[in-house]
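A quick write-up on the structure given underneath.
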Amino acid sequence: MIVFKFGGTSVGNPQSIGAVAEIIARHRSGADGGLVVVVSAMAGVTNGLIAAARAAAAGRSAECRDIKATLLRQHLDVVDELLGDCPEGLEACGQIEDALHELERLLRSIAVLGELTRRGLDVVAAFGERMSSGLLAAVLCRRGVRAQALSATGLIVTDARFGEAAPQAALTRERLRQAVPPLLGRGIVPVITGYIAATAEGVTTTLGRGGSDYTAAIIGAALAAAEVWIWTDVDGILTADPNLVPGARTLSELTYAEAAELAYFGADVLHPKAIRPLVADGIPLRILNTFNPAHPGTRIAPRPAPEREVLPALISTEGLAMIAVGTPDDSWTLQLAARALQHLSEAGVDVPMFSQSFSEHRLNLVVRGPDQAHALDVLERVFGGGAAGACVIGVRGEVATLSVVGPPGTDGTALTAKAFGALGRRGTPVLAVAQGTTGRSVSICVPEGQLATAVRDLHQELAVEVAHA
Ligand code: ADP
Ligand code: ASP
Ligand code: MG
């Protein structure tokens, strides 16, 4: 049995969903023991849902209505283009409308309370995967592939750490083994929601942003899958984002440890928690391109071929913002730094990177662009009004992070020197830096406008460029 996971861009519009259905149809019979599919929300939907929940709590009802209308259109476009008036289309249409009515009621309750808890936010954020899994299953059925949408809230059992819940392995394995094999035995492809789960009592939780990769790994491990394949919009993990460096090369084979280092220091491509569940049983993980399915992609496995090429990689993430909180004098304390992080976490704001130097009186926090306004609100509420003396909060939008990750054995000092050398020659400002504990990776925050040049320069500096055909 193989687990396939399709990311947000792979199901971002009707054409992409068509490509996904084609891939599933092609592999379904070849996969010994069947195929289990895990799906993310359509691209941008989780961001939209989170924004709607925050707008509801702040009383911005027009914004909620606009987001709901956009979500309805985005999902109904899939029905219109791929399903039409057939029975599957009518049922899918009804399900989308029902889900969005339920969302509307939930948003109204949040507006009445004027407060959004992390628990409430998870219930709202879960709608994206609920809708995408139903749609994909309907599209598959329409194509003659027997498929059934399943919500992971009934399958993956977690603790109650909303927004970053941890799975309980034994209960999860039991539920998955009860629910999934009977479907596979009847030739049905289960289409399971990524990212979302529930506590043993049935309260909805989420596994963290980008968590559908983690869902696929959890399911693969629980069901002893032969392999887990993560389908995305690039040819695997490359030496750099191919959208920025056309000559970037795919890392064809990686060990679990190498892949984990890449995932921990790069925010996207692969969720950092997606490796660990697979290690114990040595289940291989592949990263493949939905839009170029013939490409072999990246294979992560216990014993890669000894003659494989081992290269450094640059993992970049755009669309971020940097917020600096601090004091103009010596009154900044570690407790204030801890308070900032705690309040952001409680407000459901993901902080992919932060840094504070030894003597500096401020903390640099990198947040995702869509979280910028909310993070600022939270910090102003906590630190404004003289609560911490004269706290200063500054923000810089449109920043990006660039992580340079060397393979094991890399001279970390040389790697960092090269990175700063390449940035320095162009005069690219370094806004914040964080170093990995292995010494083989460094993450640097730069203005977004300078990211592409920085990545290209550094890629060349590391000498991994190939002639682009
Ligand atoms: P998905 O929606 O499938 O989960 P993500 O957006 O999370 O996909 O991750 C894939 C994206 O990661 C690519 O589109 C690419 O822009 C970005 N990326 C950044 N650096 C790299 C790299 N070195 N190799 C591959 N992808 C990269
Ligand atoms: N939809 C979720 C997110 O946007 C999970 C995922 O895409 O993996 O974070
Ligand atoms: Mg992802």
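This is a predicted model, so every value here is computed, not measured. Every number for a ligand or one of its atoms is a count from 1 in the order of the listing.
Given atom 7 (O) of ligand 2, the protein heavy atom at minimum distance is Ser40 OG, 3.3 Å. Of all protein heavy atoms, the one closest to atom 6 (C) of ligand 2 is Ser212 OG, 3.4 Å.
Using 4.0 Å as the threshold, Gly128 has no heavy atom nearer than that to any atom of ligand 2.
Of the charged side-chain nitrogens involved, none lies within less than 4.0 Å of a carboxylate oxygen, so that Asp350 and Arg209 do not count as a salt-bridged pair.
Judged by distance alone, the side chain of Thr204 and the main-chain N or O of Ala198 form no donor-acceptor pair under 3.5 Å.
Of the listed residues (Arg209, His271, Arg368), the one carrying the non-hydrogen atom nearest atom 9 (O) of ligand 2 is Arg209.
Considering backbone and side-chain atoms alike, Thr46 places an N or O below 3.5 Å from some N or O of ligand 2. Below 3.5 Å of separation, one finds an N or O of Glu129 facing an N or O of ligand 2. Here's the thing with Gly210: one of its N/O atoms is less than 3.5 angstrom from an N/O atom of ligand 2.
A donor-acceptor pair shorter than 3.5 Å cannot be found between the side chains of Ser10 and Ser16. Between the side chains of Thr250 and Ser252, no donor-acceptor pair is found at a separation under 3.5 Å.
Of the listed residues (Thr239, Leu311, Leu415, Asp457), just one forms a side chain to side chain contact (heavy atoms under 4.5 Å, CB included) with Leu462, and that residue is Leu415. The side chain to side chain contact (heavy atoms under 4.5 Å, CB included) test with Val442 is passed by exactly one of Val405, Leu402, Val404: Val404.
In this structure, the separation between CG on Leu251 and CZ on Arg299 is 15.0 Å, given to the nearest 0.5 Å.
Counted within 6.0 Å of CZ on Arg119, heavy atoms from surrounding residues, nucleotides or ligands total 12 or fewer; the atom is thus considered open.
Within 4.0 Å of ligand 1, counting heavy atoms only, the contacting residues are Lys5, Gly7, Gly8, Thr9, Thr232, Asp233, Val234, Gly236, Ile237, Leu238, Ala240, Asp241, Asn243, Asp268, Val269, Leu314, Ile315, Ser316.
With contacts defined as side-chain heavy-atom distances shorter than 4.5 Å, the pair Val446/Thr401 does not qualify.
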